[in-house]
Amino acid sequence: MKQLRSIKGTHDILPSESNKWQKLEAIVNEVCEQYGYHEIRNPIFEGTGLFSRSVGEETDIVSKEMYSWEDRDGTSLTLRPELTASVTRSFIQHNLGSQSPIHRLYYIGPLFRRERPQKGRQRQFHQFGIEAFGANNPEQDAEIIAIAWEILSRCGLSDNANLNINSIGSRECRNAYRNALKDYIHPYLNELSETSQHRFNTNPLRILDTKSEKEQAILKDAPKISEYHTQDDSIHFESLIGFLRAMDIPFVINHKLVRGLDYYTRTVFEFNSLKLGAQDALLGGGRYDDLVEALGGKPTPGIGFAAGMERFIIAMEESGLQLKGATPDIYFVCLDERGIASTLNISNKLRRIGLKVVLDPLRRSMKSQLREANKLEAKFALILGETEINDNTVSFKDLEKGIQKTILQSEVINFFDDLTN
RNA sequence: GUGGGUGUAGCUCAGCUGGUUAGAGCACCUGGUUGUGGCCCAGGAGGCCGUGGGUUCAAGUCCCAUCACUCACCCCA
């Protein structure tokens, strides 16, 4: 039989890694709550239409990367390839907008895209992200970016990440700009790559972030989207820039930053890591003022970001982060079958006063058990053997200092209470 | 989907131009007198050399195929 292994592009997060994940999740939870954002948990799969309508039929994500299948009743279902669509669906479905004018949400969870795996890119991967519905003022944009910056900082990544921001304007701005850009590109159309030629018709703005040097050269003198901003677009963007400066968040304005999902309006931004390979986008997001309405809700502005957790973890490791898992306070060494019941009983009482207690279910020798205690970096050992059983005592050993003493079994809890206070 | 690189023990790797029972370090297990960890010492376990074909007296080593992993294109977080 062929050896069982995880599916291509999926991976197991083993205990040696999971402490990093827990650390990252703890930072996300803490920072989001500090800003008044609350967690939302959505289903892993949704109706396929949700994503084609929000993310965009022509995007790569929808057109070639989704895991979709037909359910038994014939409806098309899809493993979620991103979360803004789900959160927005949820926002509309539960009519959250009428419960309060502002909704600030965050999420952590797995996503699925059928891409060729490489460093920082998996088929099942994880993102955390936030979404704020209801406010179209630039201070909301600033708050979103500030949260991103704060999380990056607490993960030790802010020194090695660049923030790029741009405004792709409102709908009327983009319509005008799209025409101007097409007029500019049209004479060079034959020199463009096949994908760019295709995008010329489907989504010409995407041509802007091509990596092809030849195409970049052609685009050098292309019109800038900022020249087509409406007055409100300009005010919004300028205000945001002022707010970012006020918060000392460093950024670069990148006129060519356009993002791959169709629902963005006005502010778009991206944090790129210097510590990653080709997949260097750590976190990206933007405003989506038309999305709620497009999915059938009342017109409601929104803005959010999503961050790649695998990429965060890699970048944190590259930055030299060493995280130790939790180590036991006490390793309970039991040397006699008659003592097992007492060992279990005392251990539970110790755990109830908040201590981490580990014991050996293999009935191994003293030497083996203490070696294990040492390996686990336990602070103390408790030893229960024949003599202790006869005396109703237990031996206490400080494994760092090597000091040992005998205490009555009835006094163990008090002893540790005193010791740890 | 398209390229490049790599597949030998749990991990990191060695194995010269094909030649006996395939090695090291780390990790793991057990011991080093009655019940005491780290260091040290001794021993042990663990490999169909990714898989399938081929060439050869002989293949971990050469050839072909295939699969997997990986990096890059692409895409994005």
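Each chain gets a letter, A, B and so on, in the order the sequences are listed, and its residues count up from 1. Just the heavy atoms: all of them, side chains too, but no hydrogens, waters or symmetry mates, feed the values below.
Leu282(A) comes within 4.0 angstrom of sugar-phosphate atoms only, judged by non-hydrogen atoms across all strands, and of no base. Note on Leu111(A): nothing from the nucleic acid sits closer than 4.0 angstrom, heavy atoms only.
When distances run from any side-chain atom of Arg371(A) to the nucleotides C69(B), C75(B), G32(B), the shortest one goes to G32(B).
The separation of A59(B) from G50(B), taken at their P atoms, amounts to 15 Å, rounded to a whole angstrom. One C1' atom belongs to G25(B), the other to U20(B), and the distance between them is 26 Å to the nearest Å. Distance check on atom P: C39(B) versus C26(B) gives 11 Å, rounded to whole Å. Distance check on atom C1': A58(B) versus G18(B) gives 8 Å, rounded to whole Å. Rounded to a whole angstrom, the distance from the P atom of C41(B) to that of A27(B) is 12 Å. For the C1' atoms, the distance linking U66(B) with U6(B) amounts to 16 Å, nearest Å. Between U61(B) and U8(B), the distance separating the two P atoms is 13 Å to the nearest Å. Rounded to whole Å, the separation between the P atoms of C71(B) and A65(B) comes to 25 Å.
Using cut-offs of 30° and 60° on the angle between ring planes, the pair Phe396(A) and Phe380(A) is tilted. Ring orientation note: the planes of Phe269(A) and Phe271(A) are nearly perpendicular, at an angle over 60° on the 30°/60° scale.
Within the 4.5 Å cutoff, the side chain of Ile253(A) has heavy atoms near those of the Ile165(A) side chain.
Taking the six-membered ring where the residue is Trp, the centroids of Tyr228(A) and Tyr177(A) are separated by under 6.0 Å.
Side-chain to base pairing of Gln404(A) with U36(B): one donor and one acceptor N or O lie within less than 3.5 Å of each other.
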